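A short worksheet on the structure shown next.
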Number of protein chains: 2
Amino acid sequence: MKLSVKSDYAARAVLELARRYASGKAQRVEDLAEAQGVPANYLVQILIELKAQRIVKSVRGKEGGYLLAKIPAEITLGDVLRCVHGEIFDTAALSDSNCPPELRGAWEKLRQSVNATADNITFQNLLDEGESKEKMYYI
Amino acid sequence: MKLSVKSDYAARAVLELARRYASGKAQRVEDLAEAQGVPANYLVQILIELKAQRIVKSVRGKEGGYLLAKIPAEITLGDVLRCVHGEIFDTAALSDSNCPPELRGAWEKLRQSVNATADNITFQNLLDEGESKEKMYYI
DNA sequence: CGGCGCGTGAAACTCTCGGTGAAGAGCGAC
DNA sequence: GTCGCTCTTCACCGAGAGTTTCACGCGCCG
């Protein structure tokens with residue numbers, strides 16, 4: 001069960017936008033892409049999906065780019081992952097009538113567990129975590 | 001993030017073996033495969049991997065087939081999934097040095113969450129669950 | 001020894017993912 | 001109005017993993 005690179009890119013992009021959220025300025029796709037070593041043309045597709053789910057918003061023209069659509073505390077990792085994948089934890093078994101009901105229950109437990117964990121991580125959390133780690137240097 | 005069909009097949013096979021564990025008889029691959037609508041030739045490969053991890057064992061020749069290598073209570077869903085996939089929750093990000101440390105922490109939380117849940121489900125649990133559901137019919 | 005069923009490896013096939021390129025559309029500056 | 005900047009959209013391709021099937025070798029039991 002391997003998380004796609006796409007989800008990783010999406011999470012990085014949103015994190016980067018969260019970091020620059022205070023500036024209020026729109027961020028260009030190319031800048032975001034370069035900041036994380038992601039192919040710009042690919043990142044575009046991801047951002048469009050994120051926009052469709054109102055996680056980010058875009059501004060066109062000169063000085064255009066992308067912004068978070070909400071404050072970082074209101075965006076969870078689960079939101080981002082679901083936006084890119086649909087259900088985070090999926091398996092053919094859940095839509096297979098041959099699947100024994102006991103197993104179905106087990107898959108659903110796993111799904112619920114992942115969802116709960118992912119929904120409990122907001123990007124504000126991640127920002128705080130990053131800052132507190134920085135402060136460590138001063139001690 | 002989609003669980004492969006292979007994991008599902010593996011789980012079904014082990015569950016089926018657990019159900020028949022009391023008989024003490026070796027179960028033929030074809031019987032197991034037919035009982036769940038799984039391609040027999042594919043199931044063989046899965047069973048070989050399960051055998052390598054000492055989750056099942058095999059008997060050759062006439063009256064041969066597969067058996068659980070331990071009692072159902074000692075086999076967890078996590079064991080089976082890891083046997084088929086290596087780490088259950090994997091992502092390229094964890095081996096990418098460009099990955100922001102905050103995100104790395106988040107991925108590890110997800111991984112830990114999945115592992116904990118999967119390791120907490122034994123096949124004995126699943127058997128019990130199935131039986132208690134059967135009993136419901138008598139009430 | 002002969003048949004049954006496991007053991008193993010490889011070929012073929014499908015499908016998604018990751019990535020690229022180019023043409024189109026809105027916004028601001030001059 | 002026109003030009004340049006940047007997002008928007010769509011079409012496509014190559015690689016690789018996952019799934020499936022086939023063929024043949026090997027060990028065990030009667």
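If you're wondering where the values come from, they're calculated on a predicted model, not measured in any experiment. Sequence lines set the chain letters: A, B, ... in the order given, protein chains first and strands last, and positions in each chain run from 1.
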Suppose the criterion is salt bridge (Lys or Arg N to Asp or Glu O under 4.0 Å): which pairs have a residue in residues 53-65 of chain A, not counting sequence neighbours?
none
Using a cutoff of under 3.5 Å, can you pull out all pairs of nitrogen or oxygen atoms linking the protein to nucleotides 3-10 of chain D, with atom names and distances?
from  : atom 1 : to      : atom 2 : distance (Å)
D:dT6 : OP1    : A:Arg28 : NH1    : 3.0
D:dT6 : OP2    : A:Arg28 : NH1    : 3.0
D:dC7 : OP1    : A:Val29 : N      : 3.0
D:dC7 : O3'    : A:Ser58 : OG     : 3.4
D:dT8 : OP1    : A:Lys51 : NZ     : 2.5
D:dT8 : OP1    : A:Ser58 : OG     : 2.6
D:dT8 : OP2    : A:Tyr66 : OH     : 2.2
D:dT8 : O4'    : A:Arg60 : NH2    : 3.2

Gap between atoms CD1 and C1', on B:Ile46 and D:dT19 respectively (whole Å):
10 Å
Is any side-chain heavy atom of A:Asn115 less than 4.5 Å from a side-chain heavy atom of A:Glu87?
yes
Step by step, work out the side-chain contact (heavy atoms from CB on, under 4.5 Å) result for B:Phe89 and A:Val114.
CA-CA 10 Å; B:Phe89 181 93; A:Val114 175; 5.7 Å; no
Sequence neighbours left out, what passes side-chain hydrogen bond (donor to acceptor under 3.5 Å, both in side chains) with A:Gln124? Give chain and number order.
A:Asp128
What is the distance from CE of A:Met1 to P of D:dG18, rounded to the nearest Å?
13 Å
Using a 3.5 Å cut-off and no angle test, enumerate the donor-acceptor pairs between side-chain atoms of residues 34-41 of chain B and protein atoms at least two apart in sequence or in another chain.
from    : atom 1 : to      : atom 2 : distance (Å)
B:Gln36 : NE2    : B:Arg12 : O      : 3.4
B:Gln36 : NE2    : B:Leu32 : O      : 3.3

So which residues get pulled into B:Val59's cluster when ILVMFWY side chains under 4.5 Å apart are joined, directly or through others?
B:Leu67
Taking the side chain as every heavy atom from C-beta outward, state whether A:Lys6 and A:Ile46 have any pair of such atoms under 4.5 Å apart.
yes
Please find the earliest and latest nucleotides of DNA chain C, in the 5' to 3' direction, that have an atom within less than 4.0 Å of any heavy atom of chain A.
C:dG18 to C:dC27
Given atom CD of B:Glu49 and atom C1' of D:dG18, what is their separation to the nearest angstrom?
12 Å
Could you list by number each residue of residues 2-13 of chain A showing a heavy-atom separation from DNA chain C of less than 4.0 Å, or answer none if no residue does?
A:Ser4, A:Val5, A:Lys6, A:Tyr9
Looking at residues at least two apart in the chain, or sitting in another chain, which of them share a side-chain hydrogen bond (donor to acceptor under 3.5 Å, both in side chains) with A:Lys51?
A:Ser58
A:Arg104: which residues meet the salt bridge (Lys or Arg N to Asp or Glu O under 4.0 Å) condition with it, sequence neighbours left out?
none
Ignoring backbone atoms, test whether B:Tyr42 places a side-chain nitrogen or oxygen under 4.0 Å from the OP1 or OP2 oxygen of D:dT19.
yes
Residues in side-chain hydrogen bond (donor to acceptor under 3.5 Å, both in side chains) with A:Ser113, at least two apart?
B:Ser113, B:Thr117
Which ones in residues 83-97 of chain B lie close to DNA chain D, meaning a heavy atom under 4.0 Å from one of its atoms?
none
Is it true that B:Asp119 and B:Arg82 have a side-chain N and a carboxylate O under 4.0 angstrom from each other?
yes
Mind checking salt bridge (Lys or Arg N to Asp or Glu O under 4.0 Å) for B:Arg20 and listing every partner two or more places apart, or none if nothing turns up?
B:Glu16
Taking the six-membered ring for Trp, are A:Tyr42 and A:Tyr9 parallel (under 30°), tilted (30 to 60°) or perpendicular (over 60°)?
perpendicular
